[in-house]
Structures are given as C-alpha cells and as structure tokens.
Amino acid sequence: MTNATTPELTIPAGFDFTSPELFSKRLPHPEWTELRKAEPIHWVEIEPGSDGFKDNGYWLASKYDDIKEISRLTNDYFITNQHTAIPRYAPGTEDDVLEMIKLLIINQDGEDHKVRRRTISKGFTPRNIRSMREALEARAKDIVERAAAKGSGDFIVEVASELPLQTIAELLGIPQEDRFKVFEWSNNMAGYDDPEVAEASQTAAAQILEYAMEMAAKREAQPEDDLVSKLVHADVEGGKLTPDEFGWFFILLAFAGNETTRNATTHGMIAFLDNPEQWELFKSERPETAYDEILRWASPVTQFQRTAVKEIEIGGKTIKPGERVVMAYGSANFDEDVFEDPFNFDITRENNAHVTFGGNGPHYCPGANLAKLQIELIFNAIANHLPDIASLGDRKRLRSGWLNGITEWPVSFCPAAKAN
C-alpha cells in the first residue's frame, strides 16, 4: 500500500540515469525531482554489461543529505576501487581496461589514496593558487580579447576551453603550444563510451600517458622549479609520484581539470544569456556569490559512484556489499530541501553549499579552489570585454552518462560592434 504522503513513482522501469543517449539530449531533472520526493534511494535495474559492468543495476542517490552521507562514509562503508568512481563505460568494456583506470587517484581508497592525495595537493595549496592569480588573470583577458577580434566563433573552442588548458600548462610548466594536444586528447577521451570513437579515445589516453611519463622522467633526471619536479621527487615525508603515477595524475588533470571547468564556464554563460537580468547584475556589481551559483547550476560532473563494502541502510533502503551507488550531484544541487527555489539562477544566492566538487569526505576535489578562481577570472574578463555576447545557434551536448558537457556552441562575441 502506498503511503499517502509519498507520491507514486511514474518513472518507467529500467529508466537508466547513466544513459549517454539521454545525456546527449538533456539532463534527467524531471526524473531526479520525482525521485527526491518519492524514492530518494532508487534501484535501477539494467541489462548486465550494458553499462560496462557485469552486475544487473545500481542504486541512484538523488537527495543532497544522502549523497553527503555516502561521501562521509567512504572508506568505512563505501569504496571507489571495486567498480571505479565512473558510473558508465562502453558495453563490453574489458576487465583489463577497468584495472588500468583504477590507477587514477579518484579510484583509490584508504591509505593509498591518502598518500597520493597528500602528494598531489602540493600543487593546489592556497599559496600556490594565489601565486597563479596574476598570470591567469592576464591570460583570461587575452583569451576574450582574441575572441572579440574574431567577432564570432565556437564559445567552447575560443573561450571556455582556453583558460583551463592554459592553467594546466601554467601549473605543470609544459609548453603552452602543447595545450592544443591536451585539448584534442581530452575531447577524444570524453567519448570513451561512444562505440564510434572508442578506439580514438583509447589512443588519446595512451598518447597523453606517454607524453606525461616522458615529462616526468625528464624532471626526475633534471629537476626544474615546477610542480612536475616537486611531484616526482621525494619530500620530507617520502611521498612522490613515479613517472607512471604522474602519467595517471596528468590524465586526471587534463580530463577533469579541462572538461569540468570549461563546461562550468559554458553552462554559466548559457544561464546568463537565458537570464539577462542576472547578466546585467553581474556586469554592474560582480557579486562574490556568483561563482558558486555558476558551479551549482552547471554541475559539470553530474554523477560519480561508490561500491558498498558493508551492509548499510540509506534513505530507508538496505544497500548490500558489492552493490553500486550512483550519487547524482546534478540532482543534489537542485534539492528543494537545501536550496530555495533551486531552478532559479540567482547569483546573489547565499550559503551556497553545492556538491559540485563532491560531497564531504576523502574524495573532495583537491583542485576546487583553482577551478573556482578560473570561473571568477574568465567571467570577469567576459563581462569586461565581451559584454554583448549572444548565442548564434543551437548547442550540441556531449554524449556521456556522467558529464554535463557542451561540445559546440556558436556565438557572436561582440554583436553591437558588428552592427556599426
């Protein structure tokens, strides 16, 4: 018998919340909203192997508090390594591919993760981030001025992707001209679960791994004053990354640091153009609260997963060892019990404790402050130099089961100037 206070679910059986076809058209906001009200922890049964895993489904966590709790309990009740943090792979993905992907720090647990995270975090200390501000601010200004000079173009190529790519080069001390390689590699890797580009994705991963390992080996032999050298040489605690470990870190930085920040920038700009009064407010007042609202709204990493290692009850459902739980950050960031009027893009929103960088716990994104700085700098530069930016056509969405991505968006950078 259905509880009178709980609405009955209308979501079709087998509705897959990690479907790349779904994400290529839209995010499942109507379905997430229904689950938050009716069944916050929801079992999704799918055909074994259809998402790259051999089990028959996963739990979908849609509520903010449940996702925070799962994140907090990671290592005690949940791990990432068994099935990785990524909730979707191409059908028929081989076990050896998953084993390689487990080398990424986001797929490590316990002491291994703690040691690697402590080493990698050296590059993202508040002091290091502050030291990069002036250089990145100049780069953001140059990016938008170059876009303005072109008059129109693809927002992703000309603006959104440039600052994260240049930041990666700045952070690691690699030649700026090599950022174009990183852009191509990252784009190809993003299509890993698309059968049409799966081979190109694997090739890109191999190329970027080789590039990074060669760079690490050179710095190990001849250290320079850069982050790569710091990461591949032992410090007082004895922690360092081997060339192959640095290679996997580079893959994560190139993929996550590029894809997520550029998609946050793109979705933020779309939100501003869809809400012109907010764009006018930002241009005139530049509220500090704007950047967290952009990140909440964009939710570029829409979903990650954990695997239970102990039986536990969450949201009234019993999750058993070995079962996967997909945490829908994109749903949590629009939870009506946490965010007032969540579908209203409001750059003055206070106390914006979004989970865009993950919930609390050991896997909170170490690069969060750097990503937030990039969002601040690029939107200030756009407001200063491209105040009349306008859309010129439809946007193309990324085919992914966990990234909220835009791959193409034609815009006019300075329509007012062109009209004169």
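From a predicted model like this one, the values you see are computed outputs, not experimental measurements.
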Please report the interatomic distance [atom1]([X]) to [atom2]([Y]), rounded to the nearest 0.5 Å.
{"X": "D178", "Y": "L165", "atom1": "CG", "atom2": "CG", "answer": "11.5 Å"}
{"X": "E350", "Y": "D292", "atom1": "CD", "atom2": "CG", "answer": "10.5 Å"}
{"X": "N351", "Y": "E340", "atom1": "CG", "atom2": "CD", "answer": "11.5 Å"}
{"X": "S331", "Y": "L27", "atom1": "OG", "atom2": "CG", "answer": "10.5 Å"}
{"X": "N275", "Y": "I270", "atom1": "CG", "atom2": "CD1", "answer": "11.5 Å"}
{"X": "R133", "Y": "L370", "atom1": "CZ", "atom2": "CG", "answer": "11.5 Å"}

Inset, instruction - Please assess T84 against Y89 for the test side chain to side chain donor-acceptor pair (under 3.5 Å), listing each intermediate value before the final yes or no. - result: CA-CA 10 Å; T84 79; Y89 293 94; 2.7 Å; yes
Inset, instruction - With sequence neighbours excluded, tell me which residues meet side chain to side chain donor-acceptor pair (under 3.5 Å) with W248. - result: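 Testing W248 for side chain to side chain donor-acceptor pair (under 3.5 Å), a comparison that skips the adjacent residues, returns none.
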Inset, instruction - Would you please name every residue forming a side chain to side chain donor-acceptor pair (under 3.5 Å) with R219, sequence neighbours left out? - result: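 Partners of R219 under the side chain to side chain donor-acceptor pair (under 3.5 Å) test: D226.
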Look at atom [atom1] of [X] and say whether more than 12 heavy atoms of other residues, nucleotides or ligands are closer to it than 6.0 Å.
{"X": "R26", "atom1": "CZ", "answer": "yes"}
{"X": "E21", "atom1": "CD", "answer": "yes"}
{"X": "N369", "atom1": "CG", "answer": "no"}
{"X": "K396", "atom1": "NZ", "answer": "no"}
{"X": "K218", "atom1": "NZ", "answer": "no"}
{"X": "D394", "atom1": "CG", "answer": "no"}
{"X": "D341", "atom1": "CG", "answer": "yes"}
{"X": "E336", "atom1": "CD", "answer": "yes"}

Inset, instruction - Using the side chain to side chain contact (heavy atoms under 4.5 Å, CB included) rule, take I389 and M269 through it: C-alpha gap first, then chi angles, then the decisive distance, then the call. - result: CA-CA 9 Å; I389 186 171; M269 196 67 249; 3.7 Å; yes
Inset, instruction - List in chain and number order the residues that pass ring pair (Phe, Tyr, Trp, His ring centres under 6.0 Å) with H113, two or more places apart in sequence or in another chain; answer none if no residue qualifies. - result: H363
Inset, instruction - Taking the six-membered ring for Trp and the full ring for Phe, Tyr or His, determine whether the centres of F53 and Y58 are under 6.0 Å apart. - result: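 No, the ring of F53 stays outside the 6.0 Å limit from the ring of Y58, centre to centre.
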Legend entry - Q305/V325 under side chain to side chain contact (heavy atoms under 4.5 Å, CB included): CA gap, chis, key distance, verdict: CA-CA 5 Å; Q305 73 177 0; V325 183; over 6 Å; no
Inset, instruction - Show your reasoning for whether side chain to side chain contact (heavy atoms under 4.5 Å, CB included) applies to I79 and R306. - result: CA-CA 6 Å; I79 61 172; R306 300 284 186 267; over 6 Å; no
Ignoring hydrogens, what is the shortest heavy-atom contact between [X] and [Y]? Give both atom names and the distance.
{"X": "N404", "Y": "A298", "result": "ND2-O, 2.8 Å"}
{"X": "P243", "Y": "A216", "result": "CA-CB, 3.7 Å"}
{"X": "W409", "Y": "S391", "result": "NE1-OG, 3.0 Å"}

Once you measure the plane-to-plane angle for [X] and [Y], does it fall in the parallel (<30°), tilted (30-60°) or perpendicular (>60°) bin?
{"X": "F282", "Y": "Y291", "result": "perpendicular"}
{"X": "F250", "Y": "Y211", "result": "tilted"}
{"X": "Y329", "Y": "F304", "result": "perpendicular"}
{"X": "F246", "Y": "F249", "result": "tilted"}

Inset, instruction - Given side chain to side chain donor-acceptor pair (under 3.5 Å), test R397 with T407 step by step and report yes or no. - result: CA-CA 6 Å; R397 289 186 55 81; T407 59; over 6 Å; no
Inset, instruction - Just do the salt bridge (charged side-chain N to carboxylate O under 4.0 Å, His left out) check on D16 and R88 with the steps written out, would you? - result: CA-CA 11 Å; D16 187 358; R88 184 84 188 198; 2.5 Å; yes
Legend entry - salt bridge (charged side-chain N to carboxylate O under 4.0 Å, His left out) evaluation trace for D95 with K54: CA-CA 10 Å; D95 289 343; K54 293 182 172 64; 2.7 Å; yes
[Y]/[X] salt bridge by N-O under 4.0 Å criterion:
{"X": "R116", "Y": "E245", "result": "yes"}
{"X": "K317", "Y": "E313", "result": "no"}
{"X": "D109", "Y": "K114", "result": "no"}
{"X": "R146", "Y": "E158", "result": "no"}

Within a strict 4.5 Å, meaning less than it, do heavy atoms of the [X] and [Y] side chains meet?
{"X": "L373", "Y": "L377", "value": "yes"}
{"X": "T80", "Y": "T307", "value": "no"}
{"X": "L22", "Y": "F17", "value": "no"}
{"X": "P342", "Y": "D335", "value": "no"}
{"X": "H83", "Y": "D55", "value": "yes"}
{"X": "R349", "Y": "T289", "value": "no"}
{"X": "I46", "Y": "N56", "value": "no"}
{"X": "I70", "Y": "Y77", "value": "no"}

Inset, instruction - Using side chain to side chain donor-acceptor pair (under 3.5 Å) as the criterion, point out the one residue from E134, E170, E162 that pairs with R139. - result: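 Considering E134, E170, E162, a side chain to side chain donor-acceptor pair (under 3.5 Å) with R139 is found only for E170.
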Legend entry - Among T348, N352, N344, side chain to side chain donor-acceptor pair (under 3.5 Å) partner for E293: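 Only one of T348, N352, N344 forms a side chain to side chain donor-acceptor pair (under 3.5 Å) with E293, namely N352.
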Legend entry - Full working for side chain to side chain donor-acceptor pair (under 3.5 Å) between T356 and N333: CA-CA 7 Å; T356 295; N333 279 342; 3.1 Å; yes
Inset, instruction - Would you check, one step at a time, whether the test side chain to side chain contact (heavy atoms under 4.5 Å, CB included) holds for E323 with W59? - result: CA-CA 8 Å; E323 292 181 337; W59 294 99; 2.8 Å; yes
Legend entry - Residues F339, F334; criterion ring pair (Phe, Tyr, Trp, His ring centres under 6.0 Å); working and verdict: CA-CA 7 Å; F339 304 97; F334 288 80; 7.8 Å; no
Inset, instruction - Evaluate side chain to side chain donor-acceptor pair (under 3.5 Å) for R262 paired with T265, printing each intermediate quantity in order. - result: CA-CA 5 Å; R262 84 184 192 193; T265 302; over 6 Å; no
Legend entry - Under 3.5 Å side-chain donor-acceptor pair for T18 and W402: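 There is no such pair (donor and acceptor under 3.5 Å, judged by atom type) between the side chains of T18 and W402.
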